[in-house]
Structure formats: structure tokens, C-alpha cells
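Numbering of ligands and ligand atoms starts at 1, following listing order.
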Amino acid sequence: MTDKNATAHKTLRHFLQLTDLSRAELIHVLERARIIKDKFKRYEPYQPLHDRTLAMVFEKASTRTRVSFEAGMYQMGGAVIHLTTNDSQLGRSEPIEDTARVVSRMVDLVMIRTFEQSRIERFSEYSRVPVINGLTNEYHPCQILADVFTYLEHRESIEGKVVAWIGDANNMAYTWIQAAERLGFKLHFSAPPGYQLEAQRLSGMDPTVYQSFDNPHDACEGADLITTDVWTSMGYEAENEARKKAFANWCVDSSMMARAKPDALFMHCLPAHRGEEVTADVIDGPQSVVWDEAENRLHAQKALMEFLLLGQVN
Ligand code: CP
Ligand code: NVA
């Protein structure tokens, strides 16, 4: 008789960072996202995850990540369990290692949104099933998977392109840099003094993949895509007032868009604060693809779940 967990162990893959997938695997998942989206749009049922269960653990708030994983798993024929810190024993100090051992004996896949990357790493170490990073302080790989997929839908190839990141050196920024290295594009980065990328986190990375600019307008020069995010990420709320002052000149507006290529796209992972990191005319304007970007969380993550549970489906 086949042992479910023994089988899972042999092929166990996690998605804790974008770089957990090779370039070829990323390209495969992006292509599967396209095919799976096409089926969805044609109302063609695709349920390869029948009888599989996804547990989602949220230690921070979410709209898009929860809805896309939950809807995606149901659409693929599976079931979902939604846990938060407060409604589970995690909120009463049960060690994450014990939670991992227990939850992963009962489900086939786990998605976690939490604080430190080390917390999801500890969970994965004790998990019998694949673990997906649904956002940590350090990375947001599911979002970047959807963002690259969205770029490809609109512009076919991202190789050799320039993506301008205007804002905080946060989970999104670092994951964009990982994507640039994996997929062969360049990231222009601009943040105010005190909010720069940490050299230590970039060590070992090809330095030609990213370039830092003091002036955000200069970072936008010739860009194919301009993207930004909130000035204050979840977990850093105490810094909100200081950040509002520091980032005041890092609001993506029409003058920044004008420095980019005429057909440049605008992206934001959402939720957005109009009038802070982006003006309303940009996020609600013709170059913005933020709603496609949000929808594509669904399709990209269905492809990711398929890959982690079934391997390379063709
Ligand atoms: N972009 C994103 O991850 O959105 P949520 O916080 O709503 O999940
Ligand atoms: N950088 C943001 C992304 C939210 C989806 C945060 O971590 O809060």
C-alpha cells in the first residue's frame, strides 16, 4: 500500500522564496498559469486536486491571498482550511514546529502568511507536505509570480526589460530582485535615505541585476514597468508617521510615468493608498494593470499548487 506521507517526502518541494524554483520551473509554472487561466475563462472544469486539502495559516491580514488560494483550491477540486493566529493554538504559544508536525499529517499542502522568514522556514523543516510563502516580512513570492505572469500577458517577454521599483526595500522589492536575476531583467530601485536595500541580503547576487537611484524620477527613466507598494508594511505600523514624512517624494505620479517608456505599465500588489505611494490618476489610469495583477494571483497560484503537488504536468 502506498504511504501518503512517505510518497510526499520523496518529492517534497516548498515555495518559501521565488528562488526555490529554478528558471525552467518558473517558466513552466507561468506557462501552466496561462493554460489554467484559459480553462477558467472558458468554464472548463479542471480538478486535478480532487481529495487534496490546503491549510492556510494567516498571522497577518489578507484579502487577495486568502480569496485566491481558497477559490483556487476549490476550483481545482480540493478543500481548504483557514486558520489564523487568534483562532488556533498558535495564538496561545504552541510552538510552530509542533503545529507543522500536526497540520501536515492531516493536509496535503500548507500556505502561511507570517512575520519573520525564519518562522516559515521552521514550519517547513517539520512539515511532511509542501509549504507556500503567502507573504513574510522578507518575501512575497506568490505576488511576484502573478506580477510576472501579468507582465507576460501584456508584453509577451520580460527578458531584458527594466522594472522600476519606487518605494520601500520591503518583501516585494527583494522578491522583484530575485525575479530579475532568475528571469533576466533589470530592477531600478529608489527609496529615501534610511530605507535602502541591505547589502548583506544581496550578497552573492549578480550586482548588474539591480541599480539604486537617489532620485525616483531617474529610476523611472526608460522603464518598461513602474511598480510600488505601501510605505508601511504589515508589522511596521509603529513607523507609519516617520515613513509618511520620509517617503513623501516617492509617490508614483504622472511625471514619473512620463520618464518611462510610452507603453510602460504600472503595477501595485495592493492594497493601495491613493495620494501616498501612488496618485489616483496613475493607479486608475490607462497604464495601470493592477486589477489583472490581482486576478492573476488566482491563476498563478493554481499553477503553483499543481506543480508542488503533481510535479510538471504537461
Ligand atoms: N497583495 C496581497 O498579498 O494582498 P492581500 O494582503 O490582500 O492578500
Ligand atoms: N509590503 C506589503 C505587501 C502587502 C500585500 C506588506 O507586507 O504589508
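When each of I283, T227, T279, I226 is checked for a side-chain contact (heavy atoms from CB on, under 4.5 Å) with V252, only I226 meets the rule. With F307 as the partner, the side-chain contact (heavy atoms from CB on, under 4.5 Å) test is satisfied by one option alone out of K302, R13, R32: R13.
Looking only at heavy atoms of the protein, atom 2 (C) of ligand 1 is closest to R297 NH1, 3.4 Å. Ranking the protein heavy atoms by distance from atom 4 (O) of ligand 1 puts R64 NE, 2.8 Å first. When hydrogens are left out, the protein atom nearest atom 7 (O) of ligand 2 is N171 ND2, 2.8 Å; that is the closest non-hydrogen contact. Taking atom 1 (N) of ligand 2 as the reference point, the nearest protein heavy-atom neighbour is D229 OD2, 2.6 Å. When only non-hydrogen protein atoms are considered, atom 4 (C) of ligand 2 lies nearest to L135 CD1, 3.8 Å. Nearest protein heavy-atom neighbour of atom 6 (O) of ligand 1: R113 NH1, 2.8 Å. Looking only at protein heavy atoms, the nearest one to atom 8 (O) of ligand 2 is M234 N, 2.8 Å.
When the heavy atoms of L135, V67, T63, D147 are ranked by distance to atom 7 (O) of ligand 1, first place goes to T63.
Residue contact check: L270 has heavy atoms under 4.0 Å from atoms 5 (C) of ligand 2. Heavy-atom contacts of C269 reach the following atoms of ligand 1: 1 (N) (cutoff under 4.0 Å).
A cation-pi arrangement is not found for R66 relative to F58, the charged atom failing to lie both closer than 6.0 Å to the ring centre and inside a 45° cone about the ring normal.
No side-chain donor-acceptor contact under 3.5 Å links E277 and T228. No donor-acceptor contact under 3.5 angstrom links the side chains of T150 and D292, judged on distance only. The closest side-chain donor-acceptor pair between N86 and T84, if any, does not fall under 3.5 angstrom.
Residue E44 qualifies as enclosed at atom CD: its count of foreign heavy atoms under 6.0 Å is above 12.
The closest approach between a heavy atom of D168 and any atom of ligand 2 is not below 4.0 Å. Under the 4.0 angstrom criterion for non-hydrogen atoms, K60 is not in contact with ligand 1.
Ring planes of Y195 and F247: tilted class, angle from 30 to 60°.
Checking only distances, S233 does come within under 3.5 Å of ligand 2, N or O to N or O. In terms of N/O distances under 3.5 Å, ligand 1 is not approached by P271.
Contacts of H140 with ligand 1, taken as heavy-atom pairs under 4.0 Å, involve the side chain alone.
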| task | Could you walk me through whether D98 and R101 pass the salt bridge (Lys or Arg N to Asp or Glu O under 4.0 Å) test, one step at a time? | result | CA-CA 5 Å; D98 292 358; R101 282 187 270 223; 3.1 Å; yes

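Q47 has its side chain out of reach of M76: every pair of non-hydrogen atoms, C-beta onward, lies at least 4.5 Å apart.
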